[in-house]
2 protein chains.
Amino acid sequence: MVVARSIALKAVNTASLWGLNRSRFGGLPKVQTVRALSTIMSPPSKAVVYEHHGPPDSVTRMIELPPVEVQENQVCVKMLATPINPSDINRIEGVYPVRPQVPAVGGYEGVGEVYSVGSAVKGLSPGDLVIPSPPSSGTWQTYVVKDHEIWHKISKDSPIEYAATVTVNPLTALRMLEDFTTLSTGDSIVQNGATSIVGQCVIQLARYRGIHSISIIRDRAGSDEVKERLKALGADEVFTESQLEVKNVKSLLSNIPEPALGLNCVGGHAASLVLKFLRQGGTMVTYGGMSKKPVTVSTSSFIFKDLSLKGFWLQKWLSADKAKECRDMVDYLLRLAQEGKLKYEMELVPFDKFHSALEKALGKHGSQPKQVIKF
Amino acid sequence: MVVARSIALKAVNTASLWGLNRSRFGGLPKVQTVRALSTIMSPPSKAVVYEHHGPPDSVTRMIELPPVEVQENQVCVKMLATPINPSDINRIEGVYPVRPQVPAVGGYEGVGEVYSVGSAVKGLSPGDLVIPSPPSSGTWQTYVVKDHEIWHKISKDSPIEYAATVTVNPLTALRMLEDFTTLSTGDSIVQNGATSIVGQCVIQLARYRGIHSISIIRDRAGSDEVKERLKALGADEVFTESQLEVKNVKSLLSNIPEPALGLNCVGGHAASLVLKFLRQGGTMVTYGGMSKKPVTVSTSSFIFKDLSLKGFWLQKWLSADKAKECRDMVDYLLRLAQEGKLKYEMELVPFDKFHSALEKALGKHGSQPKQVIKF
């Protein structure tokens with residue numbers, strides 16, 4: 001799809017794009033001058049593309065891509081919703097370790113409805129609800145054509161906005177609770193950045209498993225209200241950073257055991273607060289660095305407290321042959337969302353307002369809920 | 001032994017010591033006013049003791065302790081040599097996580113010759129060379145009486161100064177090479193603080209196993225000479241910290257693969273240099289913090305480079321039911337020392353010069369070799 005479409009992109013835009021696309025997608029252009037009558041073509045697609053890495057609000061633009069052939073093993077999906085994730089922004093900036101070759105369509109996850117299928121495709125029919133799983137580049141457009149194996153059929157009852165966002169954030173929360181320590185009912189975990197979607201999912205998934213959660217949030221106006229919201233999701237304890245300026249943070253815990261697992265998406269002082277809570281032999285997993293400050297650890301934390309520090313990156317986890325497991329977990333998470341057991345705040349924005357959603361996602365208007373594009 | 005002796009200590013020194021000793025050693029005083037003729041008594045012992053935690057050069061003093069009874073399961077050992085380790089100093093200062101109850105005799109490892117054995121002791125005879133294994137408090141004295149199970153008989157050909165120092169440092173080096181990653185012939189490791197005894201042992205044990213080592217040393221006068229000495233021990237590459245102020249430290253390595261394991265006993269910038277060398281998915285183990293600066297790690301090191309950071313503390317390892325394994329490894333290390341395959345710099349000092357050795361061990365006279373007391 002993208003190969004064929006890149007020709008159009010070249011035709012209307014830039015003469016030098018073709019070479020890049022060929023190297024990116026590895027194949028030769030499959031342009032057929034004579035087509036059989038049965039050839040299925042996608043509708044034209046409206047897409048957010050970027051031709052250079054740089055600031056997303058200046059390098060992205062919305063263009064119309066011409067129809068492409070849906071080959072026999074491909075499926076054309078009419079996209080219904082797709083989020084703007086921080087990692088999407090980093091990919092466009094070119095600061096992500098995986099740097100998409102430009103020109104590229106933005107986006108990495110989303111949900112859509114099958115529009116048409118190639119002649120050899122089995123198991124998917126028009127009208128099916130699908131997500132790319134593992135997630136896959138190029139979801140910021142109205143029609144996506146990709147190999148049938150990329151599409152995972154999900155329950156038609158799945159709430160669209162959760163289906164669009166289920167992989168990157170909720171799956172990260174689920175894996176971090178599973179992959180680093182063995183947590184049993186009654187154990188506890190501690191996390192900073194608790195108002196993030198991952199943070200909200202951690203609270204709910206922990207509670208669902210009978211695990212206590214201690215959440216750390218920034219000091220800010222309205223922090224009492226934030227605490228109440230997180231407690232309503234199932235958080236056992238929520239502290240602002242300044243509340244933890246005490247010698248022994250553990251004295252603040254009532255009957256919650258010392259946590260064996262800490263999750264850090266902030267860095268700097270907020271990471272040190274997570275370490276303060278951890279029990280002897282505990283593990284802190286870093287999955288983000290919102291403060292842009294590094295993690296600082298005392299020597300005695302390593303030697304005498306025996307703490308371990310690790311990292312989690314969903315994209316690496318997914319590349320480790322976890323496709324089947326990923327789909328099973330996505331189904332599990334979507335069932336929870338459908339039952340109202342997993343929820344988080346999102347703002348749905350129509351596609352033609354993409355750039356104002358992008359500005360919000362870039363943090364240009366202060367703290368904002370996750371921006372999810374609705375096509 | 002220590003219980004009985006503490007009575008003497010009390011008699012000559014402080015009225016309030018007894019209670020502490022009873023709580024420390026758990027038993028009631030075994031003072032017998034009428035003894036059988038066959039009672040074995042130890043010789044009087046000259047010991048370095050401290051009654052309060054504090055600066056080692058002001059709170060320690062050398063006193064003579066009276067003879068004690070060698071009970072039927074005990075062994076009296078005439079000490080031959082014992083080192084002054086940094087952890088001994090920290091124990092006296094009271095800053096070690098395991099805080100010996102005072103009054104106490106200093107020291108934690110050493111080697112001696114069996115002087116006499118209790119009537120029920122089998123397998124040990126006067127003249128046998130022994131070390132306390134796992135190591136055990138109170139080795140800074142001329143005669144030590146302890147339960148027979150504490151003493152590990154070693155080959156009479158063991159070089160005394162290595163036998164006195166084999167557990168704390170060389171065993172730490174050995175365990176760190178074994179316990180965190182699976183290293184195969186041709187792999188590599190990186191370490192800072194390479195001139196320490198642990199550092200010197202790491203170089204030799206790695207070489208012995210066919211593993212390359214990259215060593216980082218401080219910038220100082222005579223660093224070229226230090227490099228040569230470490231290379232003579234088997235180091236593949238030795239860099240001063242300033243040599244590593246380049247964008248890509250890996251470009252400095254000729255044919256050595258990127259290391260999977262890093263060892264840090266310095267902290268601060270020197271720890272960051274170890275992290276710079278590590279390969280994707282590598283592990284850094286912290287076992288010391290000579291710079292007294294914490295370890296600082298970027299978020300991307302955790303997420304995208306997938307580094308793990310851990311700590312190693314021999315005392316914790318030993319407490320995990322490793323007594324048998326400890327002795328086997330001590331024998332292995334002593335064989336290497338005897339064959340000249342494991343060596344490190346030490347300064348042997350007579351016991352009556354203890355306090356000048358202590359000053360050197362405290363760093364009051366600049367960098368000094370390991371101080372080992374020879375009785």
Side-chain angles (χ1 to χ4, degrees), chain A residues 86-87 90-91 95-99 172 176 179-180 192-193 198 262-272 274-275 278 280-317 319-320, chain B residues 86-87 90-91 95-99 172 176 179-180 192-193 198 262-272 274-275 278 280-317 319-320:
Chain A
S87 52
N90 295 151
R91 279 192 192 85
V95 300
Y96 212 61
V98 180
R99 199 176 162 137
T172 293
M176 291 196 300
D179 293 352
F180 295 92
N192 59 28
V198 173
L263 305 176
N264 164 47
C265 67
V266 183
H269 180 59
S272 302
V274 168
L275 293 172
L278 284 182
Q280 176 84 21
T283 298
M284 182 173 85
V285 179
T286 290
Y287 68 98
M290 292 194 304
S291 73
K292 299 193 192 292
K293 287 180 188 150
V295 172
T296 301
V297 200
S298 71
T299 299
S300 66
S301 293
F302 286 121
I303 303 181
F304 304 130
K305 205 173 163 188
D306 194 26
L307 299 186
S308 292
L309 275 70
K310 300 183 178 182
F312 181 79
W313 187 24
L314 185 71
Q315 190 157 340
K316 177 172 174 287
W317 186 85
S319 66
Chain B
S87 50
N90 295 151
R91 280 191 191 86
V95 300
Y96 211 61
V98 179
R99 200 176 160 136
T172 293
M176 292 196 299
D179 293 351
F180 295 93
N192 59 27
V198 173
L263 305 175
N264 163 48
C265 67
V266 184
H269 181 59
S272 302
V274 168
L275 294 172
L278 285 182
Q280 176 84 20
T283 298
M284 182 173 84
V285 179
T286 290
Y287 68 98
M290 293 194 305
S291 73
K292 299 193 192 292
K293 288 180 187 150
V295 173
T296 301
V297 200
S298 71
T299 299
S300 66
S301 293
F302 285 121
I303 303 181
F304 303 129
K305 204 173 162 188
D306 194 25
L307 299 186
S308 292
L309 274 70
K310 301 184 176 180
F312 181 79
W313 186 24
L314 186 71
Q315 189 157 340
K316 177 171 174 287
W317 187 85
S319 67

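Quick note: numbers below take in every heavy atom, side chains included, and nothing from hydrogens, waters or symmetry partners.
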Next on the checklist: At a 4.5 Å cut-off on heavy atoms, which part of Lys310(A) comes close to chain B: side chain, backbone, both, or neither?
Outcome noted: both
Please report, to 0.1 Å, the donor-acceptor pairs under 3.5 Å made by any side chain of residues 282-295 of chain B, with sequence neighbours excluded.
from      : atom 1 : to        : atom 2 : distance (Å)
Thr286(B) : OG1    : Asn264(B) : ND2    : 2.9
Ser291(B) : OG     : Val266(B) : O      : 2.6
Ser291(B) : OG     : Lys293(B) : N      : 3.1

Checklist entry - With sequence neighbours left out, what residues match Phe180(B) under ring-ring contact (aromatic ring centres under 6.0 Å, His included)? => result none
Checklist outcome for this item: Max heavy-atom pairs within cutoff under 4.5 Å with chain B, candidates Thr299(A), Ile303(A), Thr296(A), goes to Ile303(A)
Item to check | Top contributor to chain B interface from Asp306(A), Leu307(A), Val98(A), Leu314(A) [non-hydrogen pairs under 4.5 Å] | outcome: Asp306(A)
Checklist outcome for this item: Taken to the nearest 0.5 Å, the spacing of Trp313(B) CH2 from Lys305(A) NZ works out to 14.0 Å
Checklist entry - Heavy-atom distance under 4.5 Å to chain B: side chain of Phe312(A), backbone, both or neither? => result backbone
